Visitor: 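Pasting in a structure now, in structure tokens, and then I'll have a few things to ask.
Computed from a predicted model, the values in this text were never measured in an experiment.
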There are 2 protein chains.
Amino acid sequence: MGVKERKLRQKEEVRCQILDAAWQIVKEEGWQSLSMRKIADRIEYTSPIIYGHFENKEALLQEFTRKGFVKLCEMIRAAYQAHIDNAPARLEAMWMAYWNFAFANRESYQLMYGVEMGCCTIKNGIPESEECAEMINSTIQEIIASGKHPDADPCLKYFTCWSVVHGLISINITRNPEALHQSDDDSPNLNELILKDAIAGIVSQMLN
Amino acid sequence: MGVKERKLRQKEEVRCQILDAAWQIVKEEGWQSLSMRKIADRIEYTSPIIYGHFENKEALLQEFTRKGFVKLCEMIRAAYQAHIDNAPARLEAMWMAYWNFAFANRESYQLMYGVEMGCCTIKNGIPESEECAEMINSTIQEIIASGKHPDADPCLKYFTCWSVVHGLISINITRNPEALHQSDDDSPNLNELILKDAIAGIVSQMLN
DNA sequence: TTAAATTACTTAACACCGTTAGGCAAAATT
DNA sequence: AATTTTGCCTAACGGTGTTAAGTAATTTAA
């Protein structure tokens with residue numbers, strides 16, 4: 001009598017179809033033109049059924065935001081663990097991971113930080129988001145502790161780092177899709193150089 | 001037979017009413033909830049008459065963007081002229097002007113750089129916008145020329161500065177209205193310190 | 001002064017949007 | 001086999017930007 005299980009499975013499958021269709025539309029036309037009716041069209045249902053799976057459109061978007069932070073968190077965690085013995089290098093690696101995530105997942109980043117989402121908020125209910133902030137903040141604290149300004153505010157340094165990186169990403173992500181960010185050849189692109197320079201500057205301000 | 005003149009004057013007055021009503025709504029409810037019908041309600045007309053003054057909603061918003069850049073340009077120009085003899089100080093003053101504009105004209109800034117406007121684009125059809133970029137870029141070139149890295153790219157330095165400032169503003173403008181940006185007492189707030197630090201860092205990278 | 005032409009404005013509609021209520025038919029349970 | 005539950009759709013509400021058609025007032029011309 002696995003009828004309940006089957007129905008649950010079917011419902012879960014429709015949920016996936018909704019997310020897949022939504023993601024497809026976003027990739028093709030952008031977040032701006034994503035609508036419940038368009039999603040329903042693609043999965044050959046009518047729009048009200050979506051409300052059986054997501055409370056409203058915002059909740060649906062929130063699901064993508066959540067997924068984005070999970071992925072971002074993975075990448076930052078990898079960078080964290082790869083430089084566990086060197087705090088300045090770790091900080092740079094984590095922000096580079098952030099940078100790479102933004103360009104490998106443009107649409108996600110735009111939803112996570114761009115349009116209306118409260119940007120750079122430490123508390124936003126998504127645990128992975130807080131874990132990202134925690135890893136970066138602890139590294140900053142480590143750098144500050146080993147430097148000549150132990151009274152520096154790590155939170156403000158975090159904001160400063162974030163503003164450089166996010167600002168640079170903002171420049172590149174909305175406008176020229178491939179103008180400045182061309183990693184075609186082996187040489188790192190100019191933006192990455194700027195980024196590393198800026199972070200190195202902040203680190204040096206913490207140390208000296 | 002000044003009937004034509006009178007009609008022109010009347011039409012111009014309605015145009016002003018439209019802009020005033022729109023601005024009032026924005027200040028009360030934000031850009032998100034500004035609609036043509038709401039504007040029409042306030043000026044006691046119906047929505048189609050707005051299209052006699054503005055081609056569409058985007059054109060109306062564009063008018064506010066333009067006005068914003070005019071004001072921003074004034075402030076940056078004043079800073080430019082106040083430090084005509086000292087390029088590093090001039091650069092800092094111009095970015096501080098930018099910073100102050102953003103917080104004195106939150107709604108304008110949000111429209112100019114925030115929501116969907118292509119951020120930091122050098123060419124966007126608004127002459128004042130280009131003048132701002134020109135003043136900053138020429139100052140950066142002056143600094144670079146007097147430094148030890150004459151081959152540095154001024155455009156990229158401009159982007160770096162802009163990303164720091166815009167990033168910091170983004171943090172503060174969307175979230176806590178008065179949390180970090182409290183200039184109540186005489187002491188400059190912490191964000192301004194960060195800002196000056198960051199710009200000083202970039203300048204020092206150009207010089208040394 | 002009266003008829004024609006222009007202008008100013010409104011009403012109604014189109015095509016969207018997010019969201020909800022009600023109904024119908026198929027499926028599952030009793 | 002009758003009843004309950006479920007899944008899904010149709011229709012609608014109130015909102016959006018925008019356009020076309022029509023009406024009433026004003027200005028111009030005869």
Visitor: Checking A:Met75 now: which residues fulfil side chain to side chain contact (heavy atoms under 4.5 Å, CB included) with it, not counting sequence neighbours?
Guide: A:Ala97, A:Asn100, A:Phe101

Visitor: Can you list, in residue-number order, the parts of residues 12-28 of chain B that come under 4.0 Å of DNA chain C, counting heavy atoms only?
Guide: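 Contacts with DNA chain C under 4.0 Å: none.
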
Visitor: Residues in side chain to side chain contact (heavy atoms under 4.5 Å, CB included) with B:Lys57, at least two apart?
Guide: B:Met36

Visitor: CD1 of B:Ile43 versus P of C:dA8: gap in Å, rounded?
Guide: 14 Å

Visitor: How would you list, by chain and number, every residue that makes a side chain to side chain donor-acceptor pair (under 3.5 Å) with B:Glu12, sequence neighbours excluded?
Guide: none

Visitor: Mind checking side chain to side chain donor-acceptor pair (under 3.5 Å) for A:Glu29 and listing every partner two or more places apart, or none if nothing turns up?
Guide: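 Partners of A:Glu29 under the side chain to side chain donor-acceptor pair (under 3.5 Å) test: A:Ser33, A:Lys38.
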
Visitor: Taking ring-ring contact (aromatic ring centres under 6.0 Å, His included) as the definition, give me every residue that meets it alongside B:Phe64, ordered by chain and number, with sequence neighbours left out.
Guide: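 So B:Phe64 forms a ring-ring contact (aromatic ring centres under 6.0 Å, His included) with B:Trp23, B:Trp31.
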
Visitor: Taking CD1 from A:Ile50 and C1' from D:dC9, how many angstroms apart are they, rounded to a whole number?
Guide: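 Between C1' of D:dC9 and CD1 of A:Ile50: 14 Å.
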
Visitor: Heavy atoms only, 4.0 Å cut-off, all strands: where does A:Ile49 land among base, sugar-phosphate and nothing?
Guide: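 The answer is sugar-phosphate, as A:Ile49 gets under 4.0 Å only of primed atoms, P, OP1 or OP2.
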
Visitor: Hey, what bend do you get for the helix from C:dT1-D:dA30 to C:dT30-D:dA1 if you fit axes on five pairs at each end, rounded to 10°?
Guide: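 The two end axes of the helix from C:dT1-D:dA30 to C:dT30-D:dA1 meet at 30°.
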
Visitor: Only counting residues at least two apart or in another chain, list the ones meeting side chain to side chain donor-acceptor pair (under 3.5 Å) with A:Tyr45.
Guide: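 Here no residue qualifies.
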
Visitor: By side chain to side chain contact (heavy atoms under 4.5 Å, CB included), which residues pair with B:Ala145, not counting sequence neighbours?
Guide: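 For B:Ala145, no residue satisfies side chain to side chain contact (heavy atoms under 4.5 Å, CB included) once neighbours in sequence are set aside.
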
Visitor: Name all residues meeting the side chain to side chain donor-acceptor pair (under 3.5 Å) criterion together with B:Glu28; count only those two or more places apart in sequence or in a different chain, and write none if there are none.
Guide: B:Arg42

Visitor: Scan for salt bridge (charged side-chain N to carboxylate O under 4.0 Å, His left out) pairs involving residues 94-103 of chain A, sequence neighbours excluded, and state none if there are none.
Guide: none

Visitor: With the sugar-phosphate defined as primed atoms, P, OP1 and OP2, and the base as all remaining atoms, what B/S/- string results for nucleotides 11-24 of chain C, 5' to 3', for protein heavy atoms under 4.0 Å?
Guide: B-B---BBBB----

Visitor: Nearest whole Å is fine: how far is D:dT27 P from B:Leu8 CG?
Guide: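 Those two atoms, CG and P, are 14 Å apart.
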
Visitor: Just the rounded figure in Å: distance from P of D:dG7 to CZ of A:Arg6.
Guide: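 About 10 Å, once rounded to whole Å.
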
